[in-house]
Enquirer: 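Below is the structure I would like to discuss, written out as structure tokens.
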Amino acid sequence: MTSAMISSEKTAIELRNLSVTYPGGGKNNKEARAVKAVRNCSFSVARGNIVGLVGESGSGKSSALMAIPGLLPPGTLVSGQIFCDGEDISALSEEALNVWRWRRIALVPQGAMNSFTPHLSVERHITEVLTHHLGMTRREGRGYAAELLRTVGLEAEGTSSILDRYPHELSGGQKQRAALAAALACGPDFLLADEPTTALDVITQKEVLDMTAALVRERGMGLLLVTHDLPLAAGLCDILIVMKDGVVVESGPSRLLVGAPSHPYTRRLIEAIRSLEKTEETRETGGERL
Ligand SMILES: Nc1ncnc2c1ncn2[C@@H]1O[C@H](COP(=O)(O)OP(=O)(O)OP(=O)(O)O)[C@@H](O)[C@H]1O
Ligand SMILES: [Mg+2]
């Protein structure tokens, strides 16, 4: 990687030779065996781009994503570099990283809709981010939280009613939108979204993702979208990165990659798209939404 490339990536998150190793074995592995979840991965997410990180379960997508804001479990071994707008953030202290989190790089974690604290209202979830990271007062925070909820389309029944609700009083799609509102709260440059809609039905999933993509484009943010769903990523992302067993096996502009996959693993995934498209066609012609 040349220094010229470093300066050309001034408006991007760039991973260089990232490796992530869990020292004590896998999530469900009782043997004390190290798991090399990510191995020498290099890719970047430029502002204005939607990048899809795809691959089967266990391929290391979440590990790579969580390494960016430094949110891997304590004890995890991370090597390589992570640049954000040309600055190496991989060696920053926890305190310094906290300045980047939310304000520069915001996260919609895997299972975000289940990550709400049950006894805190939607308002509290969002205003805590605003008061903690932007120094707003609770009152200012409430006004801005209402605006954020409007931005993510949570206004149907009057924003104040959604603001005052507790997580269990929201549908899955509403929770996901609220999680997105919280992620957008500090006006980040980059959004990291880990399987943000997998628990939702197909139509709500598309609505939430289309809205996320529209907001990202409107604001010129960069989005790293982790999903095991290649058809979904192919339709939404500018660039696709395919991971398998911790390694990036292929990457490139979505259309090129889907049109002419070079790696056998990607070709197998594309086959899956074709059969899914056939199912979609049948669904569209046979069962239109009323
Ligand atoms: N906290 C952890 N401790 C130990 N091993 C872990 C931990 N988290 C993940 N792993 C292991 O690292 C590997 C990669 O996991 P990761 O969660 O990054 O995959 P993924 O591609 O996000 O999968 P999924 O699509 O199921 O979310 C797996 O073998 C997993 O068991
Ligand atoms: Mg994952």
Side-chain angles (χ1 to χ4, degrees), residues 13 15-43 45 50-80 82 90 94 97 101 105-115 172 175-176 179-180 183 190-200 202 205 208-209 212 223-237 239-251 257 261 263-266 268-270 272-273 276:
I13 289 177
L15 275 57
R16 286 193 211 160
N17 298 317
L18 179 83
S19 293
V20 175
T21 304
Y22 298 103
K27 275 177 197 164
N28 306 312
N29 186 353
K30 290 197 178 89
E31 292 166 37
R33 191 161 51 86
V35 176
K36 277 202 147 201
V38 178
R39 291 183 279 164
N40 279 317
C41 284
S42 299
F43 63 84
V45 182
I50 298 184
V51 177
L53 184 56
V54 300
E56 65 199 2
S57 183
S59 55
K61 308 179 298 293
S62 297
S63 302
L65 177 136
M66 293 302 272
I68 298 171
L71 290 174
L72 289 164
T76 308
L77 308 171
V78 180
S79 67
I82 300 163
S90 53
E94 189 58 15
L97 262 178
R101 293 181 193 136
I105 303 171
L107 175 73
V108 183
Q110 188 161 11
M113 53 191 282
N114 300 317
S115 68
K175 269 191 251 185
Q176 201 54 55
L180 179 63
F190 298 99
L191 204 58
L192 312 175
D194 194 349
E195 306 274 9
T197 56
T198 26
L200 305 175
V202 179
Q205 193 172 22
V208 174
L209 281 175
T212 307
L223 169 65
L224 179 63
L225 175 72
V226 161
T227 175
H228 60 265
D229 191 336
L230 181 58
L232 180 147
L236 200 77
C237 302
I239 293 166
L240 291 178
I241 297 160
V242 185
M243 274 184 90
K244 178 164 173 41
D245 300 331
V247 175
V248 171
V249 292
E250 191 164 4
S251 65
L257 195 136
H263 194 277
Y265 175 65
T266 319
R268 280 209 307 279
L269 288 178
I270 307 293
I273 291 189
L276 259 165

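All ligand and atom numbering here is 1-based and tracks the order in the structure.
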Enquirer: I'd like to check which ligand 1 atoms, numbered from 1 as shown, lie under 4.0 Å from a non-hydrogen atom of Glu56.
Expert: 21 (O)
Enquirer: Could you tell me whether a side-chain N or O of Lys36 sits under 3.5 Å from a main-chain N or O of Ser19, the two making a donor and an acceptor?
Expert: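 No, because the side chain of Lys36 does not come within donor-acceptor range (under 3.5 Å) of the backbone of Ser19.
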Enquirer: Could you work out, with side-chain hydrogen bond (donor to acceptor under 3.5 Å, both in side chains) as the rule, every residue matching Thr212, not counting sequence neighbours?
Expert: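 Partners of Thr212 under the side-chain hydrogen bond (donor to acceptor under 3.5 Å, both in side chains) test: none.
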Enquirer: Do any heavy atoms of Met66 fall under 4.0 Å from ligand 1?
Expert: no
Enquirer: Quick check: Gly58 and ligand 1, any N/O pair under 3.5 Å apart?
Expert: yes
Enquirer: Less than 4.5 Å apart, any side-chain heavy atom of Met66 and any of Leu192?
Expert: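 No; the side chains remain at least 4.5 Å from each other.
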Enquirer: Quick one: does any side-chain atom of Thr227 pair with a main-chain N or O of Glu195 as donor and acceptor, under 3.5 Å?
Expert: no
Enquirer: What residues, two or more places apart in sequence or in another chain, satisfy side-chain hydrogen bond (donor to acceptor under 3.5 Å, both in side chains) together with Arg101?
Expert: Glu94, Asn98
Enquirer: Okay, side chain of Glu250, backbone of His263: is any donor-acceptor separation there less than 3.5 Å?
Expert: yes
Enquirer: I'd like to check whether Ala37 has a polar contact with ligand 1, where a contact means an N/O of the residue lying under 3.5 Å from an N/O of the ligand.
Expert: no
Enquirer: Take every heavy atom of Ser59, measure it against each atom of ligand 1, and state whether any distance is under 4.0 Å.
Expert: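 Judged by the 4.0 Å heavy-atom criterion, Ser59 does count as contacting ligand 1.
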Enquirer: Examine Ser62 and say whether one of its N/O/S atoms is closer to the Mg ion (ligand 2) than 2.8 Å.
Expert: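 Checking Ser62: at least one N, O or S atom is under 2.8 Å.
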Enquirer: With respect to His228, determine whether any N or O atom, backbone or side chain, lies less than 3.5 Å from an N or O atom of ligand 1.
Expert: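 Min N/O separation from ligand 1 is not below 3.5 Å for His228.
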